[in-house]
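First the proteins, then the strands, lettered A, B, ... as listed; each starts at 1.
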Amino acid sequence: MPQHTDRTYEQALDRLRTSVLEMGGLVEEQIAHAVRALVERDSALAHAVVTRDHTVNRLDVEIDDLCIKLLALHQPAGRDLRLITTALKITTDLERIGDLAAHIAERALELAAEPALKPYIDIPRMADLTRDMVHRSLDAFVREDSELALGVCTADDGVDKLHEQVFRELLSYMVEDPHTISRAMRLLFVSKALERIGDHATNIAEMVIFMVKGRQVRHLDRLPREL
Amino acid sequence: MTAPPKITVRGLGVRYGTTVALEDVSLDVPTGRVTALIGPSGCGKSTFLRCLNRMNDTIPGVRITGDVRLDGEPIYAPHVDPVALRRRVGMVFQKSNPFPKSIFDNVAFGPRVHGLRDRVRLHEVVERSLRQAALWEEVADRLDRPALELSGGQQQRLCIARALAVEPEVLLMDEPASALDPIATAKIEELIHELTVRYTIVIVTHNMQQAARVSDITAYFYLGRLIECGPTERVFTNPERPETEDYITGRFG
């Protein structure tokens with residue numbers, strides 16, 4: 001792609017891409033740490049996740065400011081316009097993912113104060129899946145790869161299935177022994193948070209498809225088979 | 001059902017001596033819409049515009065090939081009178097060029113040339129044209145003052161009124177706001193919107209944001225060729241051709 005005639009514009013767009021990636025990397029780590037804090041009953045790590053959410057929020061505001069400045073000063077068009085509007089929306093999703101990770105960490109703190117209900121199997125799998133979705137959606141963003149983004153959208157079904165499975169399992173615990181209800185509910189919140197993270201990653205991927213192809217695939221009953 | 005295009009251009013080529021200014025351009029100008037022609041200097045957009053009312057005919061050594069039709073009638077056919085054609089296809093230029101006459105006489109000039117003598121009718125035409133050009137309120141009480149006393153933006157709107165006075169069907173505008181400040185420019189742009197009720201407009205502009213704001217259709221020219229033409233909204237958000245993308249995003253060279 002040829003460079004912009006205006007170097008400062010080019011540099012600002014590069015900075016935008018880098019900042020979104022930085023925020024994405026941070027958010028991925030937050031998911032991993034939150035779930036590790038849960039599984040390993042590591043309260044210090046859980047506290048760290050809650051504290052670091054401020055950094056995620058700060059990046060959200062910084063990227064918004066940069067986008068607004070770019071819109072006001074450069075009247076972007078075409079691919080640049082799509083990049084900037086996509087970044088604006090992506091950061092909203094990333095910020096929400098950050099909140100959900102912090103939310104998981106808070107549940108981890110509560111659960112660490114009680115005896116473990118059960119060994120964790122599906123929840124770490126959900127965490128791996130959703131983290132991978134976030135990672136690939138941002139990869140697709142930087143590489144402008146709509147096929148990769150489409151793959152993220154289809155991966156969300158796996159997360160939804162796991163959530164359903166976790167729900168049924170926890171329900172059986174609760175039915176069997178009411179003493180497990182508070183712990184099971186907290187775990188259900190964790191599972192729900194991970195399921196929501198998958199949805200946000202899907203939103204990001206859909207925005208990337210728009211950015212690359214200039215075509216909206218959001219809110220369709222069925223995803224297009226090819227782009 | 002959409003109306004048939006006001007102007008259809010097929011395989012248009014223009015040479016000045018050995019220089020090729022336009023090559024094999026085919027384009028439809030839709031009725032009652034604003035079509036913007038954009039592209040870097042020397043891309044052929046002004047040459048194209050001037051072909052639509054045969055303003056290029058007078059240039060020595062010019063050779064025009066291809067087919068241009070207004071309402072389906074070929075405008076380069078031997079029997080066509082260019083003066084009659086220009087009455088139907090009016091033009092506004094980059095530099096406002098009022099005659100060194102009164103405001104009234106400037107607007108009345110065209111209708112008089114075409115034989116209108118009746119004072120009352122003439123006054124009606126002048127008022128209507130000035131109103132359509134959004135200038136009436138500002139000049140109603142000084143129609144006999146010299147046109148050259150008006151501000152730059154007012155002079156340009158006077159030229160638009162003058163073009164409208166002969167009731168053309170198409171209005172060609174060659175960078176009509178390039179010499180105006182942002183407020184005068186905004187007035188011209190607002191005017192362009194209002195004029196589409198009655199007229200088909202083709203505008204050449206160097207200001208891409210202006211093309212994005214005022215036009216329904218955008219055509220991108222480069223090196224004498226039409227690269228892409230489509231709905232303005234699409235051309236500015238998701239152009240089909242990489243050359244267009246590079247130009248509208250400011251990647252050039």
Look at atom [atom1] of [X] and say whether more than 12 heavy atoms of other residues, nucleotides or ligands are closer to it than 6.0 Å.
{"X": "R63(B)", "atom1": "CZ", "value": "no"}
{"X": "Y120(A)", "atom1": "OH", "value": "yes"}
{"X": "R131(A)", "atom1": "CZ", "value": "no"}
{"X": "R15(B)", "atom1": "CZ", "value": "no"}
{"X": "L220(A)", "atom1": "CG", "value": "yes"}
{"X": "R33(B)", "atom1": "CZ", "value": "no"}
{"X": "E233(B)", "atom1": "CD", "value": "no"}

Would you give the length of the straight line joining atom CD of Q75(A) to atom CD1 of I248(B), rounded to the nearest 0.5 angstrom?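 These two atoms lie 13.0 Å from each other.
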
Got a second to check how far R251(B)'s CZ is from E10(A)'s CD, nearest 0.5 Å?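 Here the rounded value is 5.5 Å.
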
Are there residues of residues 238-245 of chain B that reach to under 4.5 Å of chain A by heavy atoms, and which ones?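 Within residues 238-245 of chain B, near chain A: N238(B), P239(B), E245(B).
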
For Y9(A) and T249(B), which heavy atoms make the closest approach, and how far apart are they?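 Shortest heavy-atom contact: CE2-O, 3.9 Å.
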
